[in-house]
2 protein chains.
Amino acid sequence: MGTLADHIEAYIKKMLRESQTNSVELSRAQLADDFACVPSQINYVLTTRFTLERGYLVESRRGGGGYIRVGHVQVGDSFEHAIALLQSIGPELDERSMENILASLRDYQVISPRECQVIRGIVQQEVSTVSQGKEILRASLMRSLLFFIIKLEG
Amino acid sequence: MGTLADHIEAYIKKMLRESQTNSVELSRAQLADDFACVPSQINYVLTTRFTLERGYLVESRRGGGGYIRVGHVQVGDSFEHAIALLQSIGPELDERSMENILASLRDYQVISPRECQVIRGIVQQEVSTVSQGKEILRASLMRSLLFFIIKLEG
DNA sequence: CTTTCTCTGACTAATACTGACCTTAGTTAA
DNA sequence: TTAACTAAGGTCAGTATTAGTCAGAGAAAG
């Protein structure tokens, strides 16, 4: 059967498939009304199902003319490995794991040696500026940079 | 779609693009009349979208023959401009400042609308997953992503 | 029975827009 | 000369319209 959240998830994914642009604009209040639930239920669905790791981008704006935009990145087979690695990054990431991921991505030619070098430099620089939460920041940066590369090339 | 403010913003930017001089002179009352709104709506658009932080200069004069002049600050080199903006990011970065930076980089065509969208989405997603240090993480991510783009293009 | 997932509602925050009232600059006429 | 009039634009507080957050209740799974 599936929960309400499942239905809302399916509805949004259907709209995404039908859109030419791989992105869809929603009205939170309207959608909540359609499914006869509270608006915050929409946020629940978005934060649990339409995450960056699953290849979704969510933007929103409040106020008059506000909206929620959900975008989907579909990547080719050549990026499957990269996506898998990206998804394997948890809330924290140590240096050793980062190196393993970079090496793997370079081997699979998802990133160039130069890109690899740039990423390493950036992450090291940023991580060195904080005293706490280095692992968390590293995970965040790696996810973001890799996702950015995949998003643009995929 | 988009709000009235969005349309007025687009209209002014179009006029700016079409002008040889990177500046355009408006009549507040006339513009308000064209868009069927109150004159103060024009001020709202100017103060929220055409700020110095985004690279715009607004001058005006009251009384008979009054006017509003909007200029787009001519930056010598968009690459230099991007570097300057990057360096202006301190240890912390709030959402408003991030939007200003992105808007400016997009207006100067340092980043594409697509890249802008991706960056915003990634940053929002990542920042939403932490409970503390949102401003610090936002600064880190913006520095990293922008640096990465510039590094590859420059 | 305990843990994890769903769902709700009260409170919060951001953005858009309006209208009443204010300020400034030029023009005219006593 | 200067007071009065006319013709701009400015400010600000209030209202309307969205969406976001978070703690806790309820349901499902292990």
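Every chain is numbered from 1 and lettered A, B, ... according to where its sequence line falls, protein lines coming before strand lines.
- Side-chain contact, B:Gln117 with B:Arg114: no donor N or O sits under 3.5 Å from an acceptor N or O.
- When DNA chain C is scanned in the 5' to 3' direction for atoms under 4.0 Å from non-hydrogen atoms of chain B, the outermost contacting nucleotides are C:dT15 to C:dG26.
- Toward the 5′ end of DNA chain C lies the nearest nucleotide of A:Tyr44, the other residue of the pair B:Ala36 and A:Tyr44 mapping further downstream.
- With sequence neighbours excluded, no residue forms a side-chain hydrogen bond (donor to acceptor under 3.5 Å, both in side chains) with A:Glu92.
- Within residues 91-99 of chain B, the residues that have a heavy atom under 4.0 Å from DNA chain C are, in order of number, B:Arg96.
- Residue B:Phe148 places its CZ atom among more than 12 non-hydrogen atoms of other residues, nucleotides or ligands, all under 6.0 Å distant.
- In this structure, the ring-ring contact (aromatic ring centres under 6.0 Å, His included) partners of B:Phe50, at least two apart in sequence or on a different chain, are B:Tyr56.
- Side-chain contact check for B:Phe35 versus B:Gln41: every heavy-atom pair is 4.5 Å or farther apart.
- No contact: B:Arg69 has no heavy atom under 4.0 Å from any strand.
- Rounded to whole angstrom, the span from the CD atom of A:Gln41 across to the P atom of D:dG20 amounts to 14 Å.
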Would you list the protein and nucleotides 15-19 of chain D atom pairs, both N or O, that sit under 3.5 Å from each other?
{"unit_1": "D:dT17", "atom_1": "O2", "unit_2": "A:Gly64", "atom_2": "N", "d": "3.3"}
{"unit_1": "D:dT18", "atom_1": "O4'", "unit_2": "A:Gly63", "atom_2": "O", "d": "3.0"}
{"unit_1": "D:dT18", "atom_1": "O2", "unit_2": "A:Gly63", "atom_2": "N", "d": "2.8"}
{"unit_1": "D:dA19", "atom_1": "OP1", "unit_2": "A:Arg28", "atom_2": "N", "d": "3.0"}
{"unit_1": "D:dA19", "atom_1": "OP2", "unit_2": "A:Arg28", "atom_2": "N", "d": "3.4"}
{"unit_1": "D:dA19", "atom_1": "OP2", "unit_2": "A:Ala29", "atom_2": "N", "d": "3.0"}

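- With hydrogens and angles disregarded, no donor-acceptor distance shorter than 3.5 Å links the side chain of A:Ser140 to the backbone of A:Leu137.
- Side chains of A:Ser97 and A:Asp94: a donor-acceptor N/O pair is present below 3.5 angstrom, by distance only.
- With sequence neighbours excluded, no residue satisfies salt bridge (Lys or Arg N to Asp or Glu O under 4.0 Å) with B:Glu53.
- In this structure, CG on A:Leu102 lies 9.5 Å from OG on A:Ser104, to the nearest 0.5 angstrom.
- Side chains of B:Asp6 and B:Thr3: a donor on one and an acceptor on the other come within 3.5 Å.
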